[in-house]
Amino acid sequence: MPIVVIEAVAPTSSWRPPEAQNYHPSYPLPPYTSQVGLLGAAIGLALPDAFAYVRDRELKLGVGGWHNGRMRDLWKFQKLESIADPKKEINHDIVLREHFVDTRLIFVIETPSQETADQVAAAFREPKYPLTAGVSDALLHARRVSVRDETPNPTKEFAFTLVYRDIAANYKVDASVLESQPMMRSLQAPTTERIATGFRFNDAGSRSLAARSLVTFIGDRIALADDDEPVDAYDVEPSTSQLRRELQSWNFKTLSIPVHRYD
């Protein structure tokens, strides 16, 4: 099966849940809708067309990655009580936003044909619009884009990836993580979120939530419980020296990255 592997880096990243208001926590990895949006930016498509492209081309998307720090950024802004009447009172408010620092990402896009894989790869090598890691000023750089012919393998061991179902109550921590964990670093446990997976778009370009689904963001290495079903995933070894070196520092050679499509 042809897959496109995009190895990317960003100085900072932030992917807020759509319901966040004055405090913007960040998902640890780009959720499904952000992956679709990133593909659309590379090809030059608006978000509704990007969703249609993924559906019509029968693509499946997946992501793995890690970061080297975390911070919170406090913004003060002004907001109009009425856009139609700018003379009305202007209120002040604040936004506290969570960011990850030195973000490393590996995207996997499964395609049904070599032609589509080549088209997607070409788009990420020379994107039509700037690629970002969540917010508009967090530019993302695709360090390496490759097309590979791979077969997904069923696995029960994961780290630093997004699994498209709820596994949070059915896993065990890998013993090697506890043995090699630096004292100054916290363990990153899996977290389950009900993320947005699709939108409805009207003629004016506005969107509304169409669907949600449970997914699990996985940090440090875990293994699914013995009675749980394995998950099909692509074993990806980074080809850029930076990502390969950092991944090896976590005692990994490859990441197992599942892919999925929400129609």
Colleague: With the 4.5 Å side-chain cut-off for hydrophobic clustering, are Ile109 and Leu243 part of the same group?
Modeller: no
Colleague: Ignoring hydrogens and angles, write down the donor-acceptor pairs under 3.5 Å from the side chains of residues 194-203, residues two or more places apart or on other chains.
Modeller:
| unit_1 | atom_1 | unit_2 | atom_2 | d |
| --- | --- | --- | --- | --- |
| Thr197 | OG1 | Ala211 | O | 3.4 |
| Arg200 | NH2 | Leu209 | O | 3.0 |
| Asn202 | OD1 | Ala204 | N | 3.0 |
| Asn202 | OD1 | Gly205 | N | 3.0 |
| Asn202 | OD1 | Ser206 | N | 2.9 |

Colleague: Mind listing the closest non-hydrogen atom pair of Ala233 and Thr155 along with its distance?
Modeller: CB-CG2, 4.1 Å
Colleague: Of Trp66, Phe100, Tyr27, which meets ring pair (Phe, Tyr, Trp, His ring centres under 6.0 Å) against Phe217?
Modeller: Tyr27
Colleague: Which atoms form the tightest heavy-atom contact between Ala225 and Lys156, and what is the distance?
Modeller: O-NZ, 3.3 Å
Colleague: Within the supplied structure, the quantity of interest is the number of heavy atoms (other residues, nucleotides, ligands) at a distance under 6.0 Å from Glu115 CD; does it exceed 12?
Modeller: no
Colleague: Which atom names give the shortest non-hydrogen contact between Ala142 and Val145, and what distance separates them?
Modeller: CB-CG2, 4.2 Å
Colleague: Identify the two heavy atoms, one from Glu110 and one from Val259, that lie closest to each other, and give their separation to 0.1 Å.
Modeller: OE1-CG2, 3.8 Å
Colleague: Do Thr254 and Asp235 have a side chain donor and acceptor closer than 3.5 Å?
Modeller: no
Colleague: Looking at every heavy atom in both Tyr171 and Ala189, which two are closest together, and how far apart are they?
Modeller: OH-CB, 4.2 Å
Colleague: Would you kindly say whether Thr103 and Ser13 are connected by a side-chain donor-acceptor distance under 3.5 Å?
Modeller: yes
Colleague: Give me the atom names and distance for the closest heavy-atom approach of Ala41 to Leu131.
Modeller: CB-CD2, 4.1 Å
Colleague: Using the rule given for side-chain contact (heavy atoms from CB on, under 4.5 Å), can you reason through Val147 versus Gln114, listing the C-alpha separation, both sets of side-chain angles and the distance that settles it, and then say yes or no?
Modeller: CA-CA 9 Å; Val147 178; Gln114 187 66 42; 3.4 Å; yes
Colleague: Is Ile106 linked to Ile3 within one hydrophobic cluster, defined over Ile, Leu, Val, Met, Phe, Trp and Tyr using a side-chain heavy-atom separation of less than 4.5 Å?
Modeller: yes
Colleague: Could you list the donor-acceptor pairs under 3.5 angstrom formed between side-chain atoms of residues 30-38 and any protein atom two or more places apart in sequence or on another chain?
Modeller:
| unit_1 | atom_1 | unit_2 | atom_2 | d |
| --- | --- | --- | --- | --- |
| Tyr32 | OH | Tyr262 | N | 3.2 |
| Gln35 | OE1 | Gly62 | N | 3.4 |
| Gln35 | NE2 | Pro30 | O | 3.1 |
| Gln35 | NE2 | Tyr164 | OH | 3.2 |

Colleague: Side-chain contact, heavy-atom cut-off 4.5 Å: Arg104 with Phe160?
Modeller: no
Colleague: Run the salt-bridge test on Arg70 and Glu98 with the 4.0 Å N-O cut-off and return the result as yes or no.
Modeller: yes
Colleague: I'd like to know if the side chain of Glu157 pairs up with that of Ser256 as donor and acceptor (distance under 3.5 Å, no hydrogens or angles considered).
Modeller: no
Colleague: Given the rule that I, L, V, M, F, W and Y join up when any side-chain heavy atoms are under 4.5 Å apart, are Leu162 and Ile222 in one cluster?
Modeller: no
Colleague: Enumerate the residue pairs fulfilling ring-ring contact (aromatic ring centres under 6.0 Å, His included) with a member in residues 108-144, sequence neighbours excluded, ordered by first and then second residue.
Modeller: none
Colleague: Ion pair present between Asp232 and Lys60, side-chain N to carboxylate O less than 4.0 angstrom?
Modeller: no
